[in-house]
Amino acid sequence: MGESFEGWNAWLEDAYLLCTPEDPECLKHHYITRTEKDEPQYTVDEEIAMMNEQITKSEGFDIDFSLFRCLFNYHLVDPDDFDFLDDESEETNGDFMKRFSQESLKRYNDECGTNKYEFHEVVKANFHGSCGYMFLITFQVFDPSDDQEKTFQARIRYTTHYPTEFVFCRPKPNPEVDSHETAEEDVKG
């Protein structure tokens, strides 16, 4: 076996094109809603650039899929489908993302020495292939110390052949702050 490189799972995967709107495969994805009639019309290269800009800005968590007609390697998780577990599982994608979010939050609370944050609900989840799947989950928690809901993010690598890797869980970074400035606050799994 080759050498393992620690930290590779924290890299952002660039967007790459899987198919153009003319390919019937594009129509199979529930979140591809933009049509050739929608304005403005973007070229494939413009869509790739827009997708990469959103990936870089949000670390893959906040992608507006309604802007794209092309299909890329980043996808929106359909919470009502059954994409990631074996055929015998009755757990929906939404149930699966909830379970991962709850475990991420538990690890975050344990690492920070607090049990104050309580899981509320999954807001959305994106994923891309990464020796399995890399999930980018955004979820709401309740903070009883100030009686407020807060938004958290978790990056989780899942494969059926190896243990699940909880890369990090964190409060969602403030968009006014450079995301690299929050890296020290991220809790590694």
Side-chain angles (χ1 to χ4, degrees), residues 5-16 31 33-34 40 42 46-68 70 72-79 93-130 132-158 164-189:
F5 178 77
E6 191 172 327
W8 69 269
N9 56 13
W11 294 347
L12 285 179
E13 178 88 16
D14 282 340
Y16 60 83
Y31 54 87
T33 58
R34 192 172 182 84
Y42 300 114
E46 288 172 326
E47 284 198 17
I48 291 171
M50 287 187 331
M51 175 66 82
N52 278 323
E53 181 180 330
Q54 289 189 36
I55 291 167
T56 300
K57 185 176 180 181
S58 72
E59 298 182 49
F61 287 94
D62 295 318
I63 298 173
D64 182 357
F65 290 97
S66 70
L67 296 175
F68 306 105
C70 295
F72 297 98
N73 53 319
Y74 279 78
H75 307 277
L76 183 64
V77 172
D78 181 348
N93 296 344
D95 296 333
F96 196 40
M97 297 302 106
K98 177 180 178 181
R99 183 163 49 97
F100 275 164
S101 299
Q102 289 171 322
E103 178 62 23
S104 292
L105 185 61
K106 178 187 178 306
R107 290 170 181 246
Y108 179 87
N109 281 332
D110 290 348
E111 182 74 24
C112 293
T114 177
N115 287 322
K116 72 175 188 174
Y117 294 112
E118 301 167 6
F119 176 80
H120 179 65
E121 68 180 348
V122 173
V123 175
K124 62 183 170 186
N126 298 332
F127 73 96
H128 65 81
S130 177
Y133 298 104
M134 186 67 75
F135 292 110
L136 306 154
I137 308 172
T138 303
F139 58 98
Q140 292 293 118
V141 302
F142 179 73
D143 182 352
S145 69
D146 62 6
D147 213 25
Q148 298 288 314
E149 281 193 4
K150 297 189 168 118
T151 304
F152 269 60
Q153 297 174 326
R155 181 179 294 167
I156 301 154
R157 187 178 73 89
Y158 169 76
T164 298
E165 188 174 355
F166 292 85
V167 180
F168 67 72
C169 179
R170 67 181 182 202
K172 184 176 180 176
N174 182 335
E176 304 301 317
V177 176
D178 183 353
S179 63
H180 298 292
E181 293 176 34
T182 64
E184 291 179 27
E185 297 172 13
D186 297 349
V187 175
K188 309 296 186 237

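Side chains included, hydrogens not; waters and symmetry mates left out as well; all remaining heavy atoms used.
Side chains of Q140 and T151 form a contact here, defined as non-hydrogen atoms less than 4.5 Å apart. Using a 4.5 Å heavy-atom threshold, the side chains of P144 and E118 count as touching. Proximity of I137 to S104: side-chain heavy atoms (C-beta onward) are nowhere separated by under 4.5 Å. Between P79 and K98, the closest side-chain pair of non-hydrogen atoms is not below 4.5 Å. At least one side-chain heavy atom of H120 sits less than 4.5 Å from a side-chain heavy atom of E149. With contacts defined as side-chain heavy-atom distances shorter than 4.5 Å, the pair N126/F65 qualifies. The shortest side-chain heavy-atom distance between C169 and F139 falls under the 4.5 Å cut-off. Counting heavy atoms from C-beta outward, K124 and D62 have side chains that approach closer than 4.5 Å.
Remark: the backbone N or O of Y117 is paired with a side-chain donor or acceptor of N109 at under 3.5 angstrom. Side-chain atoms of N73 come within 3.5 Å of backbone atoms of D14 as a donor-acceptor pair (strictly under, hydrogens ignored). In terms of modelled atom types and a separation under 3.5 Å, the side chain of Q54 and the main chain of D64 share a donor-acceptor contact.
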Run the side-chain contact (heavy atoms from CB on, under 4.5 Å) check on F72 and I63 step by step: do they pass? CA-CA 12 Å; F72 297 98; I63 298 173; over 6 Å; no

Evaluate the criterion ring-ring contact (aromatic ring centres under 6.0 Å, His included) for residue pair F127 and Y158; output intermediate values, then yes/no. CA-CA 10 Å; F127 73 96; Y158 169 76; over 10 Å; no

Could you go through the side-chain contact (heavy atoms from CB on, under 4.5 Å) check for F135 and S101 one step at a time? CA-CA 10 Å; F135 292 110; S101 299; over 6 Å; no

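Rounding to the nearest 0.5 Å gives a distance of 4.5 Å between NZ of K116 and CG of D143. Here the straight-line distance linking atom CZ of R107 with atom CG of L105 works out to 12.0 Å at 0.5 Å rounding. Here the CD1-CE distance, from I48 to M51, works out to 9.5 Å after rounding to the nearest 0.5 Å. In this structure, L136 CG and R155 CZ are separated by 6.0 Å, a value rounded to the nearest 0.5 Å.
Here the closest heavy-atom approach between residue Y74 and residue E13 is recorded as OH-O, 2.7 Å.
The pair R170-E59 meets the salt-bridge criterion, since a charged nitrogen lies less than 4.0 angstrom from a carboxylate oxygen. R99 and E103 are not joined by a salt bridge, as no carboxylate oxygen comes within less than 4.0 angstrom of a charged side-chain nitrogen.
In the displayed structure, E53 atom CD is contacted under 6.0 Å by at most 12 heavy atoms of other residues, nucleotides or ligands.
With F152 as the partner, the ring pair (Phe, Tyr, Trp, His ring centres under 6.0 Å) test is satisfied by one option alone out of F119, F142, F100, Y108: Y108.
Applying the ring pair (Phe, Tyr, Trp, His ring centres under 6.0 Å) rule to Y42 yields no partners; only residues at least two apart in sequence or on another chain are considered.
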